[in-house]
Visitor: 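Pasting in a structure now, in structure tokens, and then I'll have a few things to ask.
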Amino acid sequence: MDQSVQSGKAPAAASLENKSGWFLKGMLAGIPICMGYFAVSFALGIAARNTGMNALQSFVMSLTMVASAGQFAAISLIGAGAGFIEMITTTLIVNLRYFLMSCSLTQKLAPSMKPAHRFGLAYCITDEIFGLSVSVDGYLHPFYTYGITFVSVSGWCAGTVLGVIVGNILPAAAADAMGVAMYGMFLAIIIPPAKKNHFVGGLVAVSMLGSFLFTVLPVLRSISSGFRVIILTLVLAGAAALIRPLPADPDEEEEDE
């Protein structure tokens with residue numbers, strides 16, 4: 001293994017030398033992500049099983065989507081009997097941030113890098129994999145991200161399949177109780193930024209109120225659950241962008257007290 005791999009710095013040149021070394025380094029870096037993904041995807045498998053999905057279907061979904069929020073939204077819509085257009089549109093909006101992450105990460109690649117690797121990295125993107133990949137000094141070696149993805153996605157898919165299998169063995173009451181873990185994951189996502197930034201906290205509260213109104217008001221409650229998510233996401237995200245746009249320089253952004 002060369003010095004650049006040992007130091008954790010990507011080579012300044014655009015070469016793809018030492019693929020195995022960078023792939024191995026990525027695999028080692030991805031182990032903590034794999035462990036976290038396994039726990040979350042296990043709960044996802046329980047939820048998938050509760051909607052009638054089998055282990056193979058859940059495996060294919062996890063392998064092709066690799067997105068907890070997107071998959072949970074899709075599973076919820078499957079359980080509600082939503083149509084294909086509604087399901088595709090909802091998951092597209094929920095996962096829209098990955099488009100921006102993919103475009104951003106390709107800027108870490110050497111200018112001469114082949115398009116195949118640029119598209120390959122787009123599949124690999126999750127919040128955690130993006131965080132590790134973008135923090136590499138210098139140019140990003142794509143096989144470093146591939147190594148992280150191989151380990152992480154393996155844990156994600158294995159957890160999903162095991163969740164379905166265990167869900168078929170456990171009593172119905174126990175399986176339903178374990179499905180609550182997915183909601184705990186989302187709380188863990190929104191609470192830290194809400195505590196750190198009062199504007200984000202207010203936006204979370206408004207989104208919860210809006211979701212509640214969609215379930216009780218006569219006209220709004222007739223809208224399907226999938227399109228409720230679409231409408232609320234577009235309206236609230238658009239309003240937040242107008243009221244509190246991000247500064248051109250991230251260093252200028254100040255935290256709320």
Side-chain angles (χ1 to χ4, degrees), residues 36 39-53 58 61-62 65-101 126-127 160 163 167 172-246 253 255-257:
V40 172
S41 62
F42 183 86
L44 188 74
I46 295 287
R49 177 262 179 192
N50 291 341
T51 62
M53 296 179 66
S58 302
M61 174 181 279
S62 288
M65 189 180 298
V66 197
S68 57
Q71 286 182 230
F72 185 74
I75 289 172
S76 300
L77 292 173
I78 291 173
F84 287 111
I85 300 299
E86 183 179 343
M87 194 181 308
I88 292 172
T89 305
T90 301
T91 54
L92 178 64
I93 291 176
V94 172
N95 295 331
L96 198 59
R97 68 186 186 281
Y98 295 131
F99 284 96
L100 302 178
M101 290 182 183
T126 67
D127 299 313
T160 305
D176 292 339
M178 294 188 68
V180 177
M182 287 299 299
Y183 297 97
M185 180 196 71
F186 289 119
L187 288 175
I189 292 174
I190 65 174
I191 289 178
K195 292 174 63 177
K196 181 180 178 181
N197 189 302
H198 291 168
F199 180 76
V200 173
L203 189 62
V204 170
V206 171
S207 66
M208 294 173 66
L209 176 61
S211 181
F212 172 74
L213 293 177
F214 266 87
T215 62
V216 297
L217 295 182
V219 177
L220 295 180
R221 67 185 180 188
S222 63
I223 301 175
S224 63
S225 58
F227 279 108
R228 293 177 193 175
V229 174
I230 296 171
I231 294 171
L232 287 171
T233 300
L234 293 177
V235 171
L236 294 176
L242 291 174
I243 297 172
R244 185 73 66 86
L246 292 176
E253 187 174 12
E255 295 182 2
D256 287 346
E257 297 296 336

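Just so you know, these numbers use all the heavy atoms, side chains as well, and skip hydrogens, waters and symmetry mates.
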Visitor: Report the distance from atom CG of Leu232 to atom CG of Leu209, rounding to the nearest 0.5 Å.
Guide: 10.0 Å
Visitor: Which heavy atom in Leu236 sits nearest to a heavy atom in Leu203, and how many Å separate them?
Guide: O-CD1, 4.1 Å
Visitor: Do you know the tightest heavy-atom contact between Ala73 and Thr90?
Guide: CB-CG2, 4.3 Å
Visitor: Determine the minimum heavy-atom distance between Val66 and Gln71, stating which atoms define it.
Guide: N-OE1, 3.4 Å
Visitor: Can you find a heavy atom in the side chain of Asn95 that is under 4.5 Å from one in the side chain of Met65?
Guide: yes
Visitor: At what distance, to the nearest 0.5 angstrom, does CZ of Phe214 lie from CD1 of Ile231?
Guide: 4.5 Å
Visitor: Heavy-atom count check: over 12 atoms from other residues, nucleotides or ligands less than 6.0 Å from Ile85 CD1?
Guide: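 No.
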Visitor: To the nearest 0.5 angstrom, please state how far the OG1 atom of Thr91 sits from the CE atom of Met87.
Guide: 8.0 Å
Visitor: As an exercise, state the distance from OG1 of Thr126 to OH of Tyr98, rounded to the nearest 0.5 Å.
Guide: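 The OH atom of Tyr98 is 6.0 Å from OG1 of Thr126, to the nearest 0.5 Å.
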Visitor: Show the nearest heavy-atom pair for residues Ser62 and Thr160, with the distance to one decimal.
Guide: OG-OG1, 2.8 Å
Visitor: Return the set of residues passing side chain to side chain contact (heavy atoms under 4.5 Å, CB included) with Phe212 (not counting sequence neighbours), or none when no residue passes.
Guide: Thr215, Val216
Visitor: Please check: side-chain N/O of Ser211 versus main-chain N/O of Ser207, any donor-acceptor pairing under 3.5 Å?
Guide: no
Visitor: Tell me the closest heavy-atom pair linking Gly201 and Ala194, and the distance in Å.
Guide: CA-CB, 3.7 Å
Visitor: Rounded to the nearest 0.5 Å, what separates atom CG in Asn50 from atom CD1 in Ile78?
Guide: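 If I round to the nearest 0.5 Å, the distance is 12.5 Å.
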Visitor: When rounded to the nearest 0.5 angstrom, what is the spacing between CG in Leu44 and CE in Met61?
Guide: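 That separation rounds to 8.0 Å.
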Visitor: So with a 6.0 Å cut-off around CE of Met208, is the heavy-atom count from everything else above 12?
Guide: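 For Met208, atom CE is not crowded (no more than 12 foreign heavy atoms under 6.0 Å).
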Visitor: Donor-acceptor pair, distance only, cut-off 3.5 Å: does the side chain of Ser222 make one with the backbone of Val219?
Guide: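 Yes, the answer is positive, given that a donor and an acceptor are paired below the 3.5 Å cut-off.
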